[in-house]
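Chain letters run A, B, ... following the sequence lines, proteins first, then strands; residues in each count from 1.
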Amino acid sequence: MSIAETLEIWYNINSRKLPWRESVSAYHIWLSEIILQQTRVNQGLAYYNRFVERFPDIRALSAAPVDEVLRLWQGLGYYTRARNMHQTAQMIVNKYQGEFPVTYDALLKLKGIGPYTAAAIASIAFNEPVALVDGNVFRVISRLYGIDTPIDTPKGKVVFMQHAQDLLNTDNPGLHNQAMMELGALVCLPRNPRCTECPLVSHCKALKHNTISLLPRKSGKTSMRERFFHYLFINHNGFTYIKRRENKDIWKLLYEFPLIETDRETDFDQLRQTTFWKEFFAKTDERVEPQVQYFRHQLTHQTLHCRFYTIHTASEPALDKHPYLAVKIAEISRYAIPRVIDRFLGNLQHERLL
DNA sequence: TAAGCGTGGGG
DNA sequence: TCCCCAAGCTT
C-alpha cells in the first residue's frame with residue numbers, strides 16, 4: 001500500500017470532528033483557514049463558531065463595518081488577518097457576484113490568501129490537485145524523508161513543496177492535504193511524537209536514523225525588542241479616553257488608552273516631565289492612584305512592559321492636540337482592544353467584585 | 001528577502 | 001520562568 005493510501009485510512013479512522021469539516025462551502029473553508037493561520041484549533045474553534053453565527057455568508061461579512069469584524073476577532077492576534085478577510089469579502093461580493101474564485105491561481109490573488117490558504121481552499125472546496133505545506137507538513141515530510149534542509153529558507157520551501165506535491169493523492173487532494181496536517185497535529189508532534197501510533201512508522205527515515213528530535217531544522221536567528229508602554233487610564237466622571245492605532249505597528253486598528261512609550265524603564269516623575277503629559281493635563285488637575293498595575297506582555301519578537309496609571313481628573317483633558325475619544329468606562333467592551341488592555345480591565349473588574 | 005505581526009498552551 | 005511552537009501572509 002502507498003504512503004498516501006495508508007495515510008488516508010488512518011485519517012478516516014482518527015480525524016477529529018471539526019465544524020468546518022462538515023461543510024464544503026468555500027466560504028466556510030476560507031473562514032476556517034484564515035482563523036487557523038498560526039493558530040491552534042483549540043484557540044480558533046470558538047472564534048469560527050462566532051463568525052459563522054454572526055456572518056452566515058460572505059455577503060453578511062462584507063456588509064459589516066470593519067470595527068465590528070475586529071471586535072469579533074479581538075484576542076485572536078495577527079489582526080491583519082481580520083482586515084484582509086473583510087476586504088476580500090467585499091471584493092468577492094462586489095467584483096465576483098459573491099462567488100469565490102475556483103482555482104489556486106485566482107485564489108492566490110486575494111488579500112490574506114497566500115500559497116498555503118489558496119491550496120487549502122482549492123483542494124478542499126474545489127478538488128484541485130495542489131499540495132499544501134504548513135508547519136505540520138514541514139514536520140511530517142522532514143522526518144518521513146529525513147530532510148535537514150532548513151524549512152525557513154526559500155530553498156526549504158521549494159524542496160518541501162516538491163515532496164508534498166509528489167506525495168499528493170490526486171484523486172482526493174482535499175482529504176489528503178487534511179490528513180497530512182492531521183498526522184502532524186495528532187501524532188508527528190514537535191516534541192515527544194507518538195511514533196508507536198504512527199501509520200507511517202515503517203517508512204520514517206528520521207526514526208530509522210534516530211534524528212526525530214533534530215527535525216525539522218530551522219535556520220534560526222531572531223531578535224527580541226523591549227518596549228515600555230505607559231497607559232493613562234483616565235477616569236473623568238466615569239468617562240475614559242481611547243484612540244484607534246493607525247500607524248504601521250502592532251495592533252493596527254485596535255483601540256488603546258493614551259500612551260507614552262519610552263525606550264527604557266521610566267519612573268513616574270520622568271513621565272510627568274514629558275511633553276505629552278504636560279499638554280494632555282494642561283487644563284485639569286490630575287490625581288494619580290498610588291498603585292500602578294504592571295503587565296509583562298510577550299509578543300513573538302517584542303517584550304512589552306506595560307504600566308497602567310489610573311488617573312482621576314476634575315475636568316476633561318486637552319483633546320484639541322490629542323484627539324481621543326471619550327467613552328463611558330462601562331462601554332469599552334464595544335471596542336476592539338489588545339489583549340493586555342483586556343487583562344488590565346479584567347483585573348479592575350475582579351478587584352471591584354471582591 | 002528578511003523582518004514583522006499576537007496570543008495561548010505545553011514542556 | 002522561559003522558550004518553543006501553532007492550518008502563514010505582507011511588505
Student: So what does Leu132(A) hit on the nucleic acid, given a heavy-atom distance under 4.0 Å: a base, only sugar-phosphate, or nothing?
Tutor: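 It contacts nothing in the nucleic acid.
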Student: Can you tell me if Trp251(A) touches the phosphate of dT7(B), counting only side-chain N or O atoms and a distance under 4.0 Å to OP1 or OP2?
Tutor: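 Result: yes.
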Student: Taking for each residue the nucleotide of DNA chain C bearing the nearest heavy atom, is the 5' side occupied by Leu110(A) or by Gln178(A)?
Tutor: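 Going by which nucleotide is closer to the 5' end, it is Gln178(A).
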Student: Please work out if Asp249(A) contacts a base, only the sugar-phosphate, or nothing of the nucleic acid, heavy-atom cut-off 4.0 Å.
Tutor: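 Result for Asp249(A) = sugar-phosphate.
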Student: Counting any heavy atom closer than 4.0 Å, what does Asn177(A) reach on the DNA or RNA strands: base, sugar-phosphate only, or nothing?
Tutor: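 Since no nucleic acid heavy atom lies under 4.0 Å of Asn177(A), the category is nothing.
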Student: Using a distance-only test with no angle check, is there a side-chain donor-acceptor pair under 3.5 angstrom linking Ser333(A) and Arg71(A)?
Tutor: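 Per modelled atom types, Ser333(A) and Arg71(A) side chains form no pair under 3.5 Å.
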Student: Kindly say if Tyr78(A) contacts the phosphate of dT10(C), meaning a side-chain N or O under 4.0 Å from OP1 or OP2.
Tutor: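 No, outside the criterion.
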Student: Fit a plane to each ring of Phe160(A) and Phe138(A), take the angle between them on a 0 to 90° scale, and name the class: parallel (under 30°), tilted (30 to 60°) or perpendicular (over 60°).
Tutor: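 Plane angle over 60°, so perpendicular.
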Student: For the residue pair Tyr335(A) and Asp67(A), confirm or rule out a side-chain donor-acceptor distance under 3.5 Å.
Tutor: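 No donor-acceptor contact under 3.5 Å links the two side chains.
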Student: Taking the P atom in each of dA7(C) and dG11(B), what is the distance between them to the nearest angstrom?
Tutor: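 Roughly 15 Å separates the two P atoms.
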Student: Take atom CZ of Phe229(A) and atom C1' of dG6(B), then tell me their distance rounded to the nearest Å.
Tutor: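 After rounding, the reported distance stands at 13 Å.
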Student: Does Gln302(A) reach a base, just sugar-phosphate, or nothing at all? Heavy atoms under 4.0 Å.
Tutor: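 Since only primed, P, OP1 and OP2 atoms lie under 4.0 Å of Gln302(A), the category is sugar-phosphate.
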Student: Does any donor atom in the side chain of Gln298(A) or Thr303(A) lie under 3.5 Å from an acceptor atom in the other side chain?
Tutor: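 Distance-only check passes for Gln298(A) and Thr303(A).
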Student: From the options dT10(C), dA7(C), dG4(B), select the nucleotide whose nearest atom is closest to the side chain of Asn84(A).
Tutor: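 Given the options dT10(C), dA7(C), dG4(B), the side chain of Asn84(A) is closest to dT10(C).
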Student: Provide, to the nearest angstrom, the distance between the NZ atom belonging to Lys157(A) and the P atom belonging to dG8(C).
Tutor: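 Rounded to whole Å, this separation is 11 Å.
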Student: For Ile151(A) and dG8(C), what is the distance between atoms CD1 and P respectively, to the nearest whole Å?
Tutor: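 It is 11 Å, rounded to the nearest whole Å.
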Student: Does dT7(B) have OP1 or OP2 under 4.0 Å away from a side-chain N or O of His297(A)?
Tutor: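 Result: yes.
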Student: Pick base, sugar-phosphate or nothing for Thr117(A), based on heavy-atom distances below 4.0 Å to the nucleic acid.
Tutor: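 Here Thr117(A) touches the backbone only, sparing every base.
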Student: Specify the residue among Gln38(A) and Pro154(A) whose closest nucleotide of DNA chain B lies further upstream toward the 5′ end.
Tutor: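 Counting from the 5' end, the first nearest nucleotide belongs to Pro154(A).
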Student: For Gly75(A), report the nucleic acid contact type (base, sugar-phosphate, nothing); a contact means any heavy atom under 4.0 Å.
Tutor: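 If one applies the 4.0 Å heavy-atom cut-off, Gly75(A) turns out to touch the sugar-phosphate alone, with no base involved.
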Student: Regarding Arg40(A), tell me which of base, sugar-phosphate or nothing describes its non-hydrogen contacts under 4.0 Å with the strands shown.
Tutor: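 Touches a base.
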Student: By the 4.0 Å heavy-atom rule, please label Trp20(A) as base, sugar-phosphate, or nothing.
Tutor: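 The answer is base, as Trp20(A) lies within the cut-off (heavy atoms under 4.0 Å) of a base atom.
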Student: For the side chain of Tyr116(A), starting at C-beta, report the closest nucleotide among dG8(B), dG8(C), dA6(C).
Tutor: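 Of dG8(B), dG8(C), dA6(C), dG8(C) is nearest to the side chain of Tyr116(A).
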Student: Please confirm whether the backbone N or O of Phe229(A) pairs with a side-chain atom of Arg307(A), one donor and one acceptor, at under 3.5 Å?
Tutor: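 Flag not set: sc Arg307(A) to bb Phe229(A) has no pair under 3.5 Å.
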Student: Without decimals, in angstroms, what is the distance between Leu36(A) CG and dG6(B) C1'?
Tutor: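 From Leu36(A) CG to dG6(B) C1': 15 Å.
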Student: May I ask you to say what Lys252(A) touches in the nucleic acid, namely base, sugar-phosphate or nothing, with a heavy-atom cut-off under 4.0 Å?
Tutor: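 Lys252(A): no heavy atom of the nucleic acid under 4.0 Å.
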Student: How is Leu299(A) classified with respect to the nucleic acid when contacts are heavy atoms under 4.0 Å: base, sugar-phosphate, or nothing?
Tutor: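 Since a base atom lies under 4.0 Å of Leu299(A), the category is base.
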Student: Please state how far atom CZ in Arg139(A) lies from atom P in dG8(C), giving the value in whole angstrom units.
Tutor: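 Going from Arg139(A) (CZ) to dG8(C) (P), I get 10 Å.
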Student: How many whole angstroms separate atom CZ of Arg339(A) from atom P of dT7(B)?
Tutor: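 After rounding, the gap between these two atoms is 8 Å.
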Student: Base, sugar-phosphate, or nothing for Arg225(A), non-hydrogen atoms under 4.0 angstrom?
Tutor: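 Contact class for Arg225(A): none.
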Student: I want to verify a distance call: between dC5(C), dC9(C), dT7(B), whose nearest atom is closest to the Lys218(A) side chain?
Tutor: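 Per side-chain heavy atoms of Lys218(A), the pick is dC5(C).
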Student: For residues His163(A) and Tyr145(A), is any side-chain donor paired with an opposing acceptor at under 3.5 Å?
Tutor: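 Looking only at side-chain atoms, Tyr145(A) and His163(A) do not form any donor-acceptor pair under 3.5 Å.
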Student: In whole Å, I'd like the distance from the CD1 atom of Ile113(A) to the P atom of dT11(C).
Tutor: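 The distance from CD1 of Ile113(A) to P of dT11(C) comes to 14 Å, rounded to the nearest Å.
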Student: Expressed as a whole number of angstroms, how long is the span from Asp134(A):CG to dC5(C):P?
Tutor: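 In whole Å, dC5(C) P and Asp134(A) CG are 14 Å from each other.
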Student: Between Arg143(A) and Leu189(A), which heavy-atom pair has the shortest distance, and what is it?
Tutor: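 Result for this residue pair: NH1-O, 2.8 Å.
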Student: Would you kindly compare Thr300(A) and Arg191(A) by the position of their nearest DNA chain B nucleotide and give the one closer to the 5′ end?
Tutor: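 That would be Thr300(A).
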